[in-house]
Engineer: 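Before anything else, here's the structure in question.
All values reported here derive from a predicted model rather than from experimental measurement.
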Amino acid sequence: RAIAQPVGGGRIATDDRLVETPDPVLARLSRMLPKSPKEMSDLQRTLTRAGYPSGRAVIIYSVAEIVLPLALFFITVTVLGFSAGLVPALLLGVAGYMAPSFWASRKTKERQKAIRNGLPDALDLLTVCVEAGSGLDQAVSKASEELQVSHPALANEFATVTTEIRAGLPRVEALKNL
């Protein structure tokens with residue numbers, strides 16, 4: 001999503017970091033992937049929880065699930081020979097297939113821990129901002145800015161909440177999405 005902000009003279013500037021342009025190679029690879037739209041949506045949700053919200057992450061993850069086991073299998077068979085390397089190649093192929101899911105779960109746990117560790121600071125900051133007279137939307141926006149250095153994962157979540165509220169999503173929905 002791009003956020004359009006008025007700039008002097010009525011022009012609109014967009015933040016290019018937020019606009020996702022499709023990579024032609026990844027677009028071709030995504031057509032070859034055997035996943036249903038529901039599986040891709042679930043995978044998108046999983047990778048977003050891990051801190052990778054882009055559509056590219058889903059495609060790269062899906063390609064890694066296919067390419068990694070095949071590469072490990074064929075490299076092992078090539079190095080050890082077919083008869084001696086078949087069992088290790090099969091084991092490495094299975095490990096290569098499971099590696100992306102282990103990686104995603106590890107990244108998700110790390111991100112959840114980082115958010116959990118930053119939550120007391122964020123709640124203190126929100127309380128101070130609201131007690132100083134700011135509205136809740138302004139307090140969340142200020143917390144997003146202030147926590148960027150010390151707790152970037154939580155700051156990004158607050159920035160997402162701020163963006164969703166500014167885009168017209170009801171505050172209750174935006175906070176539920178948090």
Engineer: Tabulate below the donor-acceptor pairs under 3.5 Å that side-chain atoms of residues 66-80 make, not counting sequence neighbours, or state none.
Structural biologist:
from : atom 1 : to  : atom 2 : distance (Å)
T76  : OG1    : L72 : O      : 2.7
T78  : OG1    : F74 : O      : 2.6

Engineer: Which pairs pass ring-ring contact (aromatic ring centres under 6.0 Å, His included) with one or both residues in residues 99-125, sequence neighbours excluded?
Structural biologist: Y52-W103
Engineer: Quick check for you: to the nearest 0.5 Å, what is the distance between T162 atom OG1 and E145 atom CD?
Structural biologist: 8.5 Å
Engineer: If only atom types and distance count, is the side chain of Q44 paired as donor or acceptor with the main-chain N or O of P53 below 3.5 Å?
Structural biologist: yes
Engineer: Hydrophobic cluster mates of V130, side-chain heavy atoms under 4.5 angstrom, ILVMFWY only, any path?
Structural biologist: none
Engineer: Stepwise, does the side-chain contact (heavy atoms from CB on, under 4.5 Å) test hold for N177 with L169?
Structural biologist: CA-CA 10 Å; N177 292 341; L169 193 67; 3.6 Å; yes
Engineer: Less than 4.5 Å apart, side chain to side chain, heavy atoms only: is that true for E39 and L43?
Structural biologist: no
Engineer: Which residue pairs pass the salt bridge (Lys or Arg N to Asp or Glu O under 4.0 Å) test with at least one member in residues 97-107, sequence neighbours excluded?
Structural biologist: R106-E110, K107-E110
Engineer: What's the spacing between Q112 CD and I115 CD1 if we round to 0.5 Å?
Structural biologist: 7.5 Å
Engineer: Is the shortest heavy-atom distance from the side chain of V58 to the side chain of M40 under 4.5 Å?
Structural biologist: yes
Engineer: Using a 3.5 Å cut-off and no angle test, enumerate the donor-acceptor pairs between side-chain atoms of residues 147-158 and protein atoms at least two apart in sequence or in another chain.
Structural biologist:
from : atom 1 : to   : atom 2 : distance (Å)
H151 : NE2    : D121 : OD2    : 2.8
N156 : ND2    : P152 : O      : 3.3
E157 : OE2    : R111 : NH2    : 2.5

Engineer: Among pairs that include at least one residue of residues 167-178, which meet salt bridge (Lys or Arg N to Asp or Glu O under 4.0 Å), considering only residues two or more places apart or in two chains?
Structural biologist: D137-R171
Engineer: Only counting residues at least two apart or in another chain, list the ones meeting salt bridge (charged side-chain N to carboxylate O under 4.0 Å, His left out) with R45.
Structural biologist: D42
Engineer: Only pairs at least two apart or in different chains count here, so list each salt bridge (Lys or Arg N to Asp or Glu O under 4.0 Å) that has a residue in residues 76-99.
Structural biologist: none
Engineer: If I compare all heavy atoms of A143 with all of L125, which pair ends up nearest, and what's the gap?
Structural biologist: CA-CD2, 3.5 Å
Engineer: Could you measure the distance from the CG atom of L47 to the OG atom of S62? Nearest 0.5 Å is fine.
Structural biologist: 8.0 Å
Engineer: Could you tell me the separation between the OG1 atom of T160 and the CG atom of L178, rounded to the nearest 0.5 Å?
Structural biologist: 8.5 Å
Engineer: Run the side chain to side chain contact (heavy atoms under 4.5 Å, CB included) test against D124 and tell me which residues pass, sequence neighbours left out.
Structural biologist: none
